[in-house]
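Following: one structure in structure tokens, then a few remarks.
In this text the structure is predicted, and so the values were computed from the model without any measurement. In what follows, chains are A, B, ... by sequence order, proteins preceding strands, each numbered from 1.
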Amino acid sequence: MAITEMEVKEIAEKINNKELSSLEVAEAFLKRIDTVDAGINAYITVAHSQARKAAGEIDDRIASGESVGEYAGVPVGVKDVLCTEGLRTTCGSRILSGFSPVYDATVVKKIREAGLVILGKANMDEFAMGSSTENSYFGPTRNPWDPERVPGGSSGGSAALVAAGEAPWALGSDTGGSIRQPAAMCGIVGMKPTYGLVSRYGLVAFASSLDQVGPMTRNVHDCAVLLDMIAGHDPLDSTSIPGARPCYADSLNPNVRGLKVGVVRELTSTGIEPGVLREFNKAVELLAASGLECEEVSLSSFEYGLSAYYLIAPAEASSNLARFDGVRYGFRAEGEMEDIWEMYDRTRSEGFGDEVKRRIMLGTYALSAGYYDEYYAKALKVRTLIVEDFNRAWGKFDVLVSPTSPTTAFKIGEKVDDPLTMYLSDICTIPVNLAGIPAISIPCGLSGGLPVGFQIMAPPLQEEKLLSVACGLESLLGFDEKPPALI
Amino acid sequence: MSISIEDVEHVAKLAKLVLTDEEKEKFRRQLSDVLDHAKRISEMDTGETEPTSHAVPIVNVFREDERRATLSNEEAVSNAPWAVDGEFKVPRII
Amino acid sequence: MDYLTTIGLEIHVELLTNSKMFCGCPADFGGDPNTKTCPVCLGHPGSLPVMNRKAVESTIRLGLSLNCDISPRSIFHRKNYFYPDMPKNYQISQYDIPLCVGGCLDVEMEGYARKVGITRVHLEEDTGKSLHVGESGRIHGADFSLENFNRAGVPLAEIVTEPDIKSPEEARAFAQLLRSTIRYIGISDGKMEEGSLRVDANISISAGEELGTKVEIKNMNSFKALQRALAYEEERQRKVLNEGGTIVQETRHWDDAAGITHPLRSKEEAFDYRYFPEPDLLPVEPEPAWIDELRESLPELPVARAGRLKSEYGLPVEMVSAIIAEKALADFYEEALKSGGDPREIAKWIAGDLAALLNEQSVDISGSPVTPAYIGELVGLITKKTISGKMAKDLLKETFSSGKSPAKIVKEKGLLQIADEDELMSMVEKVIAENPEAVEDFKNGKEQSLKFMMGQVMKMSRGKANPQITSDLIKQKLS
Ligand SMILES: [Mg+2]
Ligand SMILES: [Zn+2]
């Protein structure tokens with residue numbers, strides 16, 4: 001079997017027992033990238049030399065008899081929203097097109113310490129704002145299942161590179177569905193952990209109260225392994241949750257008979273494509289048939305989740321993105337400037353793309369005098385009601401389920417001029433971010449030859465249960481389709 | 001139609017963005033669509049509900065008053081579009 | 001026309017911490033530009049703030065010192081506006097739920113006390129510094145600016161007063177008392193010249209009950225400047241109103257050299273700070289035990305100490321104010337009292353001659369070569385009439401420069417006051433014989449001439465003559 005098709009576990013074992021060197025593995029993936037990425041554009045930056053150097057160091061350590069981590073030498077793709085010291089970090093934006101961070105994000109530090117080899121930085125919607133990875137200064141990423149279609153977003157590069165075998169796994173970030181929705185559209189596993197489980201230090205902020213870093217993998221086991229690597233308290237992030245946590249990979253238990261599953265009515269009724277609903281319902285039936293109690297539940301506040309989200313997230317973003325001004329780092333407009341105010345105006349107008357401008361203006365509007373109470377403050381209250389609805393549901397159900405995305409991958413260009421329609425892509429994933437709970441998307445079938453994602457949601461910090469249900473369903477489904485064009 | 005061209009101009013100014021007339025009209029239309037949808041939240045009875053601005057139920061997160069390594073001056077200005085003698089240079093302020 | 005003046009102050013205090021408010025960079029003054037920075041205080045993408053416990057404690061201690069209530073739950077907000085000295089283009093500050101609310105400070109004035117309400121005390125981060133470079137070196141006309149972020153992120157406590165202050169003198173007295181309080185509790189060095197204490201003022205004048213339009217004044221770099229700027233502004237507003245004009249709500253800049261305020265020309269900026277809760281920081285909910293602990297850590301504060309000194313020792317207001325201004329000085333005073341000397345005399349010598357010497361030599365009270373015991377000794381020598389007041393002045397100087405005790409110097413130099421009546425009488429007789437004009441003046445009731453003759457005797461005795469006996473002898477001789 002080609003190295004690029006092997007499971008993470010297999011690669012790790014082969015490196016550990018010296019059947020393969022870390023460098024050979026890295027070279028195989030770099031070659032794969034060089035071969036296919038021109039057509040996919042999943043990477044913004046491929047770190048050829050840094051990856052080779054890191055892999056070589058792992059090999060040296062193994063050769064010298066040093067004990068390296070279980071997954072040392074396994075390559076990984078990293079969404080370009082995470083700071084990597086000395087490796088360009090652009091967030092898919094012109095304004096950071098030449099930015100070289102002076103520090104590693106905590107999660108990057110952790111995966112480096114675990115011995116993972118960073119192959120490159122994955123394409124994304126500019127500043128993670130988008131659901132299709134079309135809003136990248138570096139061009140859109142194409143879906144490996146159909147290059148005419150989007151891979152979803154904003155972590156579309158991470159999803160596509162995993163689906164296309166350009167890395168065995170990747171890190172993404174999820175503010176309103178940005179890991180789960182592209183995972184669904186690319187037929188892979190993607191998880192958003194509980195808010196505060198994974199450090200945000202070094203994750204370039206989109207909406208600080210919603211952002212989380214998470215794994216994007218080929219299967220649930222890898223997802224648990226990668227989560228184990230990145231989770232844990234970080235004193236550099238005030239919102240990081242202190243205390244011990246279990247080993248997720250070790251506690252995976254696919255036998256989840258008797259658990260109570262709530263099917264969220266508001267996320268399975270209107271606006272869901274028939275093919276998506278069909279595959280979703282088949283999966284629910286499988287769960288029921290294997291001894292889980294599945295029942296419909298109505299969480300009425302979810303009707304307003306999208307509205308609240310598209311006020312809260314842009315509001316935070318408008319402030320988070322104010323720092324990109326051409327003074328300390330990043331792009332600065334060229335030419336004579338009358339004064340600093342002109343420099344700000346021109347730098348930001350030339351440096352940001354349309355979607356970012358839209359959200360900055362939307363957020364500025366929601367926070368501005370006279371509208372704060374009507375929009376922003378109201379949205380925060382709706383957020384409370386969504387949290388309360390979830391809490392009520394946890395009284396009765398172990399997990400909640402829904403389709404991940406209302407549609408399969410859509411055509412490139414189909415929704416770019418209609419932001420509202422584009423925003424509706426996130427309708428199923430948004431309540432999870434507003435409540436800060438964990439959720440995972442796993443592939444549950446194909447509709448029209450395109451992958452459909454199944455979303456499972458769990459109470460805060462119950463990643464063990466979440467991953468176990470996902471693992472159980474994964475084995476029931478036996479989904480092992482591969483993107484046809486690439487195999 | 002939620003917002004006017006003047007509103008677009010006002011927020012663009014606050015956000016330090018300059019827009020062409022065409023862009024103003026395009027954004028006015030698109031932002032209005034989104035805000036009209038967002039306005040649906042006003043239907044919701046939020047009564048005495050407290051706002052949620054943080055998703056974690058934690059308080060009093062402090063660090064001790066200890067120093068950590070700083071960046072060198074070269075690192076600090078390494079990404080600067082325009083730096084002079086270790087300082088960030090910007091066009092006149094007023 | 002008579003106008004009432006209304007003043008409110010906004011005071012920023014740089015807190016004396018090792019590290020900055022939200023990162024581990026040094027928080028002290030100075031250093032080469034951009035050498036005390038990190039990704040957090042440079043606002044690098046992805047960096048996050050974590051609160052400095054000491055800064056929060058200092059702010060709570062300040063609030064307690066100003067009789068504030070400590071909020072059971074307080075949160076941070078972002079204040080959004082663009083300015084190149086602000087790395088994130090928002091300032092992490094507090095808005096509707098600050099750490100401390102609703103206090104007051106009693107300011108002792110000549111003959112009355114003014115209670116000044118404290119609206120709030122909150123915690124925020126400082127900005128960096130812009131150096132405007134160009135022909136004039138000033139903001140106006142500068143060609144470009146250089147940004148230094150060493151100060152960015154230093155913790156600042158902001159104190160906002162109620163508009164309870166009625167005159168520029170009161171404003172100055174309040175600011176001085178506040179500075180003393182800050183220094184007593186050790187949360188800041190309160191140096192206005194270095195910018196660790198910054199006072200902005202809002203001032204309006206009105207003829208009736210209704211408050212006038214307020215004008216904000218910035219850039220006062222000393223207490224004297226604060227008083228002068230407010231006095232200038234008071235007068236400027238009075239003139240405008242008397243000439244039938246109206247006051248424009250604006251921010252004015254104090255130009256200390258020219259002694260005037262002038263409006264700050266700012267580009268037509270729309271100010272809308274779009275405050276919203278800082279998502280990167282979690283609420284502060286101080287437990288009562290923590291607050292108690294912080295309260296117990298406070299020393300006796302200037303206001304309380306002033307009250308005690310006044311009632312225990314009967315010192316006049318201005319003397320008390322001078323003594324309590326610095327904790328070390330007040331401690332010095334109370335230590336000197338242990339000699340058993342007259343409290344007023346001791347206060348006079350400390351606040352007067354000693355303070356002047358220290359000031360002259362730029363020595364801190366803590367480094368004074370004259371110890372509290374020496375002051376006690378000096379006052380004892382005067383009381384026992386061993387030396388005259390005139391001699392004491394020289395003696396203090398000598399003690400200051402040599403570090404020797406006053407008694408030792410007196411002994412070494414034989415600096416004893418002449419109290420022997422016969423010896424003094426011979427000098428008095430000589431002076432009377434040599435100054436017939438003065439004698440004539442004295443007989444015609446001119447008080448001045450007595451002083452003149454006293455001076456002559458002093459000169460003759462090289463300052464050693466006991467003034468009381470000498471004066472009595474002159475009067476006796478000429479009556
Ligand atoms: Mg302030
Ligand atoms: Zn710093």
Side-chain angles (χ1 to χ4, degrees), chain A residues 81-83 89 91 96 99 101-106 127 196 199-205 207-211 234-240 312 315-316 318-330 337 339-341 343-344 348 363-372 376-377 380, chain C residues 22-24 34 37-52 76-92 95-96 128 130 132 139 142-147 149 152 266-284:
Chain A
V81 73
L82 288 162
C83 286
T89 299
C91 294
L96 284 179
F99 179 64
V102 294
Y103 74 102
D104 270 339
T106 297
F127 288 104
S199 169
R200 291 186 298 115
Y201 191 78
L203 165 67
V204 182
S208 312
S209 79
L210 305 163
D211 299 339
D234 180 9
L236 299 179
D237 175 1
S238 304
T239 61
S240 170
I312 294 169
E316 292 183 16
S318 69
S319 174
N320 283 330
L321 269 60
R323 69 188 64 195
F324 302 103
D325 61 3
V327 176
R328 293 160 310 280
Y329 44 75
M337 305 283 179
D339 54 23
I340 190 145
W341 311 106
M343 197 273 275
Y344 284 158
R348 291 168 58 80
T364 302
Y365 185 80
L367 290 176
S368 65
Y371 299 106
Y372 184 91
Y376 186 72
L380 292 184
Chain C
F22 298 117
C23 65
N34 299 305
T37 64
C38 72
V40 177
C41 57
L42 284 176
H44 272 219
S47 65
L48 295 171
V50 184
M51 265 183 257
N52 183 335
F76 284 81
H77 272 72
R78 290 188 186 173
K79 180 181 185 180
N80 294 285
Y81 64 99
F82 281 80
Y83 208 81
D85 63 9
M86 209 163 48
K88 304 181 291 295
N89 286 318
Y90 60 80
Q91 182 193 30
I92 303 179
Y95 184 52
D96 53 355
S130 301
H132 307 287
I139 286 194
D143 299 326
F144 56 88
S145 295
L146 295 174
E147 301 298 329
F149 295 101
S266 75
K267 194 155 164 154
E268 18 64 77
E269 285 301 302
F271 280 103
D272 181 345
Y273 293 126
R274 288 157 285 137
Y275 280 100
F276 74 103
E278 165 59 280
D280 289 329
L281 294 170
L282 297 170
V284 179

On a heavy-atom basis, which atom in C/P84 and which in A/Y344 lie closest, and how many Å separate them? N-OH, 3.0 Å
Against chain C, label A/A366 side chain, backbone, both or neither, depending on which of its atoms sit under 4.5 Å from a heavy atom there. neither
C/Y273 atom OH, neighbour heavy-atom count above 12 within 6.0 Å: yes
Report the C-alpha separation of C/R78 and A/S208 in whole Å, then their side-chain angles, then the decisive distance to 0.1 Å, and conclude whether the side chain to side chain contact (heavy atoms under 4.5 Å, CB included) test is met. CA-CA 12 Å; C/R78 290 188 186 173; A/S208 312; 3.8 Å; yes
Using non-hydrogen atoms and a 4.5 Å limit, figure out which bit of C/F276 sits close to chain A: side chain, backbone, both or neither. both
Engaged part of A/T89 at the chain C interface, taking heavy atoms whose separation is under 4.5 Å: neither
Does the side chain of A/Y376 reach to within under 4.5 Å of the side chain of C/R274, using non-hydrogen atoms? no
When heavy-atom pairs shorter than 4.5 Å are enumerated against chain C, which of A/V327, A/L210, A/L203 gives the highest number? A/L203
Can any side-chain N or O of C/D272 pair as donor or acceptor with the backbone N or O of A/S368 at less than 3.5 Å? no
What part of A/L236 is in contact with chain C, defined as an atom under 4.5 angstrom from a non-hydrogen atom: side chain, backbone, both or neither? backbone
To the nearest 0.5 Å, tell me how far C/F82 CZ sits from A/R348 CZ. 3.5 Å
Do A/Y201 and C/P39 come close enough that some side-chain heavy atom pair is under 4.5 Å? yes
Checking A/P101 against chain C: side chain, backbone, both or neither under 4.5 Å from a heavy atom? neither
Out of C/M86, C/K88, C/E278, C/E147, which one racks up the most heavy-atom pairs below 4.5 Å with chain A? C/K88
Highest number of heavy-atom pairs under 4.5 Å with chain A among C/N80, C/L282, C/N89, C/N34 belongs to C/N89
Heavy-atom contact with chain C under 4.5 Å, split by part of A/N320: both
Chain C contact via A/A369 - which portion, at a heavy-atom distance below 4.5 Å: both
Cut-off 4.5 Å, heavy atoms of chain C, and the answer for A/F99 is side chain
When only pairs under 4.5 Å are counted, which of C/G46, C/C38, C/S145 shares the most heavy-atom pairs with chain A? C/G46
Among A/V81, A/L380, A/L82, A/T364, who wins on heavy-atom pairs under 4.5 Å with chain C? A/T364
Determine whether C/D280 and A/T239 satisfy the following criterion, side chain to side chain contact (heavy atoms under 4.5 Å, CB included), listing intermediate values before the conclusion. CA-CA 7 Å; C/D280 289 329; A/T239 61; 5.6 Å; no
In terms of heavy-atom proximity below 4.5 Å to chain C, should A/Y372 be classed as side chain, backbone, both, or neither? side chain
What are the two closest heavy atoms between C/L42 and A/Y329, and how far apart are they? O-CE2, 4.0 Å
Report which part of C/F149 has an atom under 4.5 Å of a heavy atom belonging to chain A: side chain, backbone, both, or neither. side chain
Is A/Y103 reaching over with its side chain to a backbone N or O of C/S47, donor-acceptor style, under 3.5 angstrom? yes
Using a 3.5 Å distance criterion without hydrogens, assess whether the side chain of A/R323 forms a donor-acceptor pair with backbone atoms of C/P87. no
Shorter than 4.5 Å, heavy atoms on both sides: which option in A/G202, A/A105, A/A377 has the most such pairs with chain C? A/G202
Scored by heavy-atom pairs under 4.5 Å with chain A, the best of C/L48, C/V50, C/L281 is C/L48
